[in-house]
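In what follows, a single structure is set out as structure tokens and then discussed.
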Amino acid sequence: MCGRYTFFMRGRDLEDRVEEDLEETVDWRDSALDRYQPSYNVEPSTLNPVVDAGSQAKITLQRWGLVPHWADSDDDWNLINARSESVDDKPVFREAFESRRCLVPAQGFYEWSDREGPSIPYRFVPRDDPDDLLYLAGVYESWEPSTSQSDLSSYGGGTDDADTGEAGAWFGDVRYSILTEPATRPVEEVHDRMPVMLTSHELPTWLTGEPKDARKLLDNHVVPEDYLRGYRVSREVNSPANDRPELLAEVSG
DNA sequence: CCAGACGTTGTT
DNA sequence: GTCTGG
DNA sequence: CCAGACGTTGTT
DNA sequence: GTCTGG
């Protein structure tokens, strides 16, 4: 699974890096850059930078945990992961897969050991360049509370996306889910699932390709064995309230 | 036809 | 045990 | 994902 | 909304 990750790159650096990797200009929308704070412990339900593509690629803040557009309440649905094997098939994800795929920037992710006993967290990063940017495959969808709920002011607060009318008009209510696939080494030593990490070669197809090509991409997707390195981190990571650079440090186990 | 589920994870 | 909040 | 709460009544 | 089960 993927239920916690890290992303602490400066906003301007992310913008530059995404432009370089997509070979096109990208913009932060809705003053997202002003609101963005680095995190050493990104948890579900928080707002995080996500790259999506309409007429132009853009970076916005989205909430982690997809809620289907037809849900009456966001209490019952909070889908933080989608299985890559079935994301194009399941009613809850199918429309998002077809027309709302996105990239979730991350610098490493956490997994907790399956084994008995206390939950031990491990962090996984690219072996050759630990701080390098990962693009996790995602899908997203807008959710708004029904108008019969009175307190609309507690949601949104963003600006209109007047030119396209795309999802994003209500800034906190665009919600994403991160795809998972069977884990390979070294993640499999700790856990049996891991996030889908896209290569720069795969980015254009995932962002703007036809659904059938996105499906093929997932079918053909291979992460080189030992592309990642895993190391044990402090159990302080377990508590979502903890968020500081020291969480990245390796501890002996 | 209508009613009810619709997801993942891990755990049993 | 199960649900909610972060 | 993990941590932490998990309730009602009446009163402020 | 759309799919599945009865």
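Quick note on labels: first sequence line is chain A, next is B, and so on, each numbered from 1. Since we're looking at a predicted model, the values are computed, not measured.
- Comparing D:dC1 with B:dT11, their C1' atoms sit 15 Å apart, to the nearest whole Å.
- With distances taken from any side-chain atom of A:N238 to the nucleotides C:dG6, E:dG1, D:dA3, the minimum falls on D:dA3.
- Heavy atoms of A:D192 sit under 4.0 angstrom from primed sugar atoms or phosphate atoms, though from no base atom.
- Here A:E246 pairs with A:R244 in a salt bridge; the nearest charged N to carboxylate O distance falls below 4.0 Å.
- Using a 4.0 Å heavy-atom criterion, one finds that A:L66 contacts no nucleic acid atom at all.
- By the criterion of a centre-to-centre distance under 5.5 Å and near-parallel planes under 30°, the ring of A:W77 forms no stack with the base of B:dC6.
- Using a 4.0 Å heavy-atom distance criterion, A:T180 is classed as a sugar-phosphate-only contact.
- Hydrophobic clustering places A:Y227 together with A:L133 (ILVMFWY residues linked when any side-chain heavy atoms are closer than 4.5 Å, directly or through intermediates).
- For the residue pair A:R123/A:Y231, the side-chain donor-acceptor check at 3.5 Å is satisfied.
- Nucleotides B:dT8 and C:dG1 are separated by 24 Å at their P atoms, to the nearest Å.
- Remark: side-chain polar atoms of A:E202 are paired, donor with acceptor, to backbone N or O of A:T199 under 3.5 angstrom.
- Counting only Watson-Crick or G-U wobble pairs whose defining distances are both under 3.5 Å, the stems of 3 or more consecutive pairs in DNA chain B are B:1-6 with E:1-6.
- For the atom pair CD1 of A:I59 and OH of A:Y36, the computed distance is 10.5 Å after rounding to the nearest 0.5 Å.
- At a threshold of 4.0 angstrom between heavy atoms, the contacts of A:S239 are confined to the sugar-phosphate backbone, with no base atom among them.
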